[in-house]
Amino acid sequence: MPASEARTGPLTLLTPQQLRIARSVAQGATNREVARQLSITIRTVEYHLRNIFTQLGVRSRVALARVLEPELLLPAPANGFADVSATSGVSPLT
């Protein structure tokens with residue numbers, strides 16, 4: 001069964017891009033790290049994060065992590081960006 005069909009509950013409200021952002025943030029990535037991972041601007045991450053918070057009815061990154069906790073225990077889909085550790089070796093832009 002595809003990962004998109006396996007999702008249930010409030011996560012079905014999110015677009016695939018929002019879900020990628022939410023997963024990364026829930027795992028502790030900063031907005032800058034998420035932007036770098038997805039090759040988008042920080043402002044775009046902020047925009048999506050505001051919408052994610054509204055759609056899921058959360059007010060903080062911690063609350064977002066709690067909502068996503070059951071899903072984060074499952075393996076990430078092949079096209080997802082759930083592994084934030086991959087960015088740890090990336091040097092900052094100078």
Side-chain angles (χ1 to χ4, degrees):
M1 172 179 346
S4 61
E5 290 179 21
R7 292 189 330 205
T8 58
L11 297 182
T12 58
L13 300 171
L14 302 180
T15 66
Q17 180 80 322
Q18 289 173 332
L19 190 56
R20 284 188 289 271
I21 291 169
R23 280 188 183 123
S24 293
V25 168
Q27 290 185 328
T30 65
N31 290 0
R32 178 171 286 173
E33 290 169 337
V34 174
R36 212 177 279 151
Q37 287 173 357
L38 300 178
S39 300
I40 58 178
T41 67
I42 295 171
R43 286 181 57 119
T44 300
V45 172
E46 292 168 351
Y47 170 80
H48 283 301
L49 206 48
R50 279 192 304 274
N51 289 330
I52 291 165
F53 280 17
T54 300
Q55 288 176 311
L56 298 181
V58 299
R59 299 176 76 185
S60 70
R61 295 167 96 88
V62 171
L64 176 61
R66 287 185 185 134
V67 169
L68 287 174
E69 188 174 26
E71 180 175 305
L72 294 176
L73 297 175
L74 300 173
N79 63 350
F81 290 91
D83 185 11
V84 179
S85 63
T87 63
S88 62
V90 177
S91 61
L93 298 174
T94 55

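For this chain, numbers begin at 1 and follow the sequence in order. Note that the structure is predicted; figures quoted are calculated from it, not measured.
The distance from atom CZ of Arg36 to atom CG of Asn31, rounded to the nearest 0.5 Å, is 12.0 Å. Put simply, CD1 on Ile21 and OG1 on Thr15 are 7.5 Å apart, with the number rounded to the nearest 0.5 Å. The CG atom of Asn51 sits 12.0 Å away from the CG atom of Leu13 when rounded to the nearest 0.5 Å. The CG atom of Leu49 sits 12.0 Å away from atom OG1 of Thr44, with the distance rounded to the nearest 0.5 Å. Distance check, rounded to the nearest 0.5 Å: OH of Tyr47 to OG1 of Thr41 gives 12.0 Å. For the atom pair CG (Leu19) and NE2 (His48), the distance works out to 12.0 Å, reported to the nearest 0.5 Å.
When all heavy atoms of Ser24 and Gln37 are compared, the closest pair comes out as OG-OE1, 3.0 Å. Between Gln18 and Ile52, the shortest heavy-atom distance links the atoms O-CD1, 3.2 Å. Of all heavy-atom pairs between Leu64 and Ala22, the closest is CD2-O, 4.0 Å. Counting all heavy atoms, side chain and backbone alike, Leu68 lies closest to Arg23 at CD1-N, 3.8 Å.
Side-chain contact between Leu56 and Leu11 is present, with heavy atoms from C-beta onward closer than 4.5 Å. With a 4.5 Å cut-off on side-chain heavy atoms, Gln17 and Ile40 count as touching.
The backbone N or O of Ala29 lies less than 3.5 Å from a partner atom in the side chain of Arg61, making a donor-acceptor pair.
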